Amino acid sequence: MGFFNHGRTIGSRARNKARARKRALGVLLVAAAVLVLLDLTLPPRITSRIIARPLIQFYRVGPGRLWTHHCPSRPSCSAYALAAFEKHGLAIGALLTADRLMAEQGRMAEGPWVRVQGRKYVDDPLQANTFWWSP
Amino acid sequence: MNRWFCLPVILAVLGGGAGAGAQERGDLEARIQGFISQGETRKAEEALSAPDQDQTLPLETREKAYYLLGVVYLERLEFGPAALAFEQIRPQAGPGLKAAFLARECRKAGEIRRDSPFLAGFLSFLLPGLGQLYLHRTTDAAWAAGLSLTPAAIAALGWRAGSWLVCAPAGLVSLIFYGGAVYNAVNQAHKGNRRRLEELRDRLLIQAQALPGEP
């Protein structure tokens with residue numbers, strides 16, 4: 001009896017795991033599809049106002065203030081992300097933001113630099129990273 | 001550095017060459033002047049290279065225009081057309097020495113190292129950070145690998161534990177950074193190529209300035 005009970009417990013755990021995995025895949029696919037659909041149907045200005053701007057504002061008033069590390073680039077990463085989302089939409093804006101986050105430390109040694117209130121920053125505007133875009 | 005300040009010089013040179021009586025020459029000069037000031041270098045070049053049996057435009061004015069046209073091409077990092085423009089100038093002309101030097105060096109521009117954006121992107125597609133390593137950007141490679149593989153690892157742990165609340169958001173973040181790593185590699189390859197060409201251009205213009213002869 002105990003053996004059968006034990007077997008049933010393991011079986012239900014495995015089923016729960018499988019269900020959770022399916023749900024994870026489903027949520028991931030649905031979220032990606034919704035983002036891409038929103039990106040394709042609505043103009044970038046609106047999608048950025050609905051989704052990106054609140055997230056970035058939250059970052060600015062919340063976790064962003066806790067960092068002792070200051071962004072070495074101008075415009076700052078959050079301003080850059082906001083501009084990227086507003087100009088190019090959610091998908092490409094997200095890629096541009098990820099690119100900026102990866103490259104900001106490496107670019108410090110290369111320049112070009114700009115001085116803002118006596119501090120030296122890397123001058124890295126959005127236009128410098130969109131080689132494929134000609135307005 | 002913007003060197004469009006040379007445009008007033010172009011206008012002055014071309015304007016100065018205009019004779020009082022030669023209406024045709026004035027028209028041609030004005031047309032070329034207009035093309036160059038509007039950045040329409042191809043049209044300016046066509047007007048300059050058109051057969052000129054009547055000698056409406058003096059050779060000196062023509063050569064000075066070619067020199068400035070070459071500088072405008074150089075500004076745009078178009079080394080091939082710049083070399084062609086500089087090669088139109090005779091060695092004994094005013095800017096002949098500078099033009100010969102610039103033409104020779106512009107021809108060498110093809111020899112400078114160029115990274116393939118496609119290869120960099122493909123390597124980062126295979127493994128985030130690999131494309132950055134190909135570009136000799138180790139800091140970027142570490143960030144690219146860390147930012148895309150850490151959420152991927154968290155998503156995998158969530159998958160194993162059967163927790164969709166962990167797996168789905170971490171998977172989404174991982175996908176974004178994975179795409180970002182590929183874009184970063186392509187973008188850095190483009191930027192590196194452009195930076196090397198800009199350095200070459202600045203060096204050439206400084207070296208040409210030091211040579212004798214009026215531009």
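In this text the structure is predicted, and so the values were computed from the model without any measurement. Each chain gets a letter, A, B and so on, in the order the sequences are listed, and its residues count up from 1.
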**Student:** Tell me whether B:Phe125 at atom CZ has more than 12 heavy atoms from other residues, nucleotides or ligands lying less than 6.0 Å away.
**Tutor:** no
**Student:** Assess the residue pair B:Phe177 and A:Leu101 against the criterion (side-chain contact (heavy atoms from CB on, under 4.5 Å)); give the C-alpha distance rounded to whole Å, side-chain angles, the decisive distance to 0.1 Å, and a yes or no.
**Tutor:** CA-CA 9 Å; B:Phe177 278 109; A:Leu101 292 174; 4.0 Å; yes
**Student:** Which one wins on heavy-atom pair count under 4.5 Å against chain B: A:Leu28, A:Asn16, A:Leu25?
**Tutor:** A:Leu28
**Student:** In terms of relative ring orientation, are A:Trp132 and B:Tyr183 parallel, tilted or perpendicular, with 30° and 60° separating the classes?
**Tutor:** perpendicular
**Student:** For atom CZ of A:Arg49, is the number of surrounding heavy atoms from other residues, nucleotides or ligands below 6.0 Å larger than 12?
**Tutor:** no
**Student:** Measuring from atom CE of A:Met102 to atom OG of B:Ser148, what distance do you get when rounded to the nearest 0.5 angstrom?
**Tutor:** 5.0 Å
**Student:** Considering only heavy atoms and a distance below 4.5 Å, find which of B:Ile176, B:Asp140, B:Thr138 pairs most often with chain A.
**Tutor:** B:Asp140
**Student:** Using side-chain contact (heavy atoms from CB on, under 4.5 Å), reason through A:Asp124 and B:Lys191 one step at a time and then give a plain yes or no.
**Tutor:** CA-CA 11 Å; A:Asp124 188 35; B:Lys191 281 182 103 172; 3.2 Å; yes
**Student:** Ignoring hydrogens, what is the shortest heavy-atom contact between A:Ala128 and B:Asn187? Give both atom names and the distance.
**Tutor:** O-OD1, 4.4 Å
**Student:** Go through the atoms of B:Ala181 and report whether side chain, backbone, both or neither lie under 4.5 Å from a heavy atom of chain A.
**Tutor:** both
**Student:** Let me know if B:Leu172 has heavy atoms under 4.5 Å from chain A in its side chain, its backbone, both or neither.
**Tutor:** both
**Student:** If you compare all heavy atoms of A:Ala98 against all heavy atoms of B:Gly180, which two are closest, and at what distance to 0.1 Å?
**Tutor:** CB-CA, 3.7 Å
**Student:** Measure B:Arg195 against the heavy atoms of chain A and call it side chain, backbone, both or neither at under 4.5 Å.
**Tutor:** side chain
**Student:** Which of the residues B:Val182, B:Asn184, B:Val186, B:Leu175 is involved in the greatest number of heavy-atom pairs with chain A at under 4.5 angstrom?
**Tutor:** B:Asn184
